[in-house]
Amino acid sequence: MKQRIEPLPESDADASFRALAKALAALDRVEDVAAFLRDLCTPAELEAMADRWRVVPMLLQGVPYREIHERTLVSVTTIGRVARTLEHGAGGYAAAVKRQHPRLAQSH
């Protein structure tokens, strides 16, 4: 990942991040979000994000890490990181799961 010679002040970095989140939230159609993400991210970044999201429902269903790996080819390390984020993250996965997989959200 690209490293800045001098990092942005935290307030600037937070403002930029919130502006990005606001841009995503402003998009109503899946096609628009997909186009925005394709413009914004590299193919490798998109693959990494899609892999993480793909394992969330399986983790919530209690599928073992090794089985998730066998089904998806996502690394066990990444699966573990997603699991930790589900438990101790900012709540973003939970908010998305509640909307996309309400049955899974009710059980957790």
Side-chain angles (χ1 to χ4, degrees):
M1 179 189 281
K2 175 180 140 182
Q3 296 291 319
R4 297 177 188 273
I5 294 173
E6 292 185 32
L8 285 176
E10 191 171 331
S11 61
D12 290 350
D14 186 57
S16 295
F17 179 75
R18 291 189 65 74
L20 174 60
K22 190 173 180 178
L24 279 165
L27 299 170
D28 293 331
R29 297 178 334 122
V30 171
E31 296 81 8
D32 294 337
V33 174
F36 182 82
L37 289 172
R38 283 191 182 101
D39 288 347
L40 181 68
C41 301
T42 66
E45 291 166 335
L46 290 171
E47 180 179 20
M49 289 188 290
D51 283 349
R52 291 177 193 135
W53 181 242
R54 185 174 178 201
V55 304
V56 167
M58 290 184 240
L59 287 167
L60 293 175
Q61 292 168 347
V63 178
Y65 290 16
R66 289 277 173 210
E67 187 175 335
I68 294 172
H69 168 70
E70 289 168 8
R71 287 189 200 176
T72 65
L73 301 180
V74 174
S75 75
V76 173
T77 301
T78 295
I79 296 165
R81 286 183 185 137
V82 172
R84 280 191 302 282
T85 303
L86 274 168
E87 291 294 319
H88 305 291
Y93 282 142
V97 165
K98 186 191 291 187
R99 287 171 182 80
Q100 193 168 7
H101 303 285
R103 189 177 52 78
L104 286 176
Q106 290 173 353
S107 64
H108 287 85

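Numbers here simply count residues along the sequence, with the first being 1.
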Next item on the list: Kindly determine whether L86 and L59 satisfy side chain to side chain contact (heavy atoms under 4.5 Å, CB included), including the steps that lead there.
Entry: CA-CA 9 Å; L86 274 168; L59 287 167; 3.9 Å; yes

Note to self: Working to the nearest 0.5 angstrom, can you tell me the gap between R71 CZ and R66 CZ?
What the structure shows: 15.0 Å

Note to self: When you group the ILVMFWY residues by side-chain heavy-atom contacts below 4.5 Å and let the links chain together, are L60 and V76 in the same group?
What the structure shows: yes

Check: Measuring from L37:CG to D32:CG, what's the distance to the nearest 0.5 Å?
Finding: 11.0 Å

Check: Quick one: OG1 on T78 to CG on L73, what's the gap to the nearest 0.5 Å?
Finding: 12.0 Å

Item checked: Same apolar cluster (I L V M F W Y, side chains within < 4.5 Å links), I79/L104 -> yes

Check: Any chain of hydrophobic side-chain contacts (each under 4.5 Å) joining M49 to V74?
Finding: no

Item checked: Backbone N/O of T42 and side chain of E45: donor-acceptor pair under 3.5 Å -> yes

Margin query: Pair D51, T72 - check side chain to side chain contact (heavy atoms under 4.5 Å, CB included), show working.
Written below: CA-CA 8 Å; D51 283 349; T72 65; over 6 Å; no

Check: Given V82 and Y65, is the side chain to side chain contact (heavy atoms under 4.5 Å, CB included) satisfied, shown in steps?
Finding: CA-CA 11 Å; V82 172; Y65 290 16; over 6 Å; no

Notebook entry, point to check: To the nearest 0.5 Å, how far apart are CD1 in I68 and CD in Q61?
Noted result: 9.0 Å

Margin query: Does V97 form a side chain to side chain contact (heavy atoms under 4.5 Å, CB included) with W53? I'd like the steps, not just the answer.
Written below: CA-CA 10 Å; V97 165; W53 181 242; 3.7 Å; yes

Next item on the list: With rounding to the nearest 0.5 Å, note down the distance linking NE2 in H69 to CD in E67.
Entry: 12.0 Å

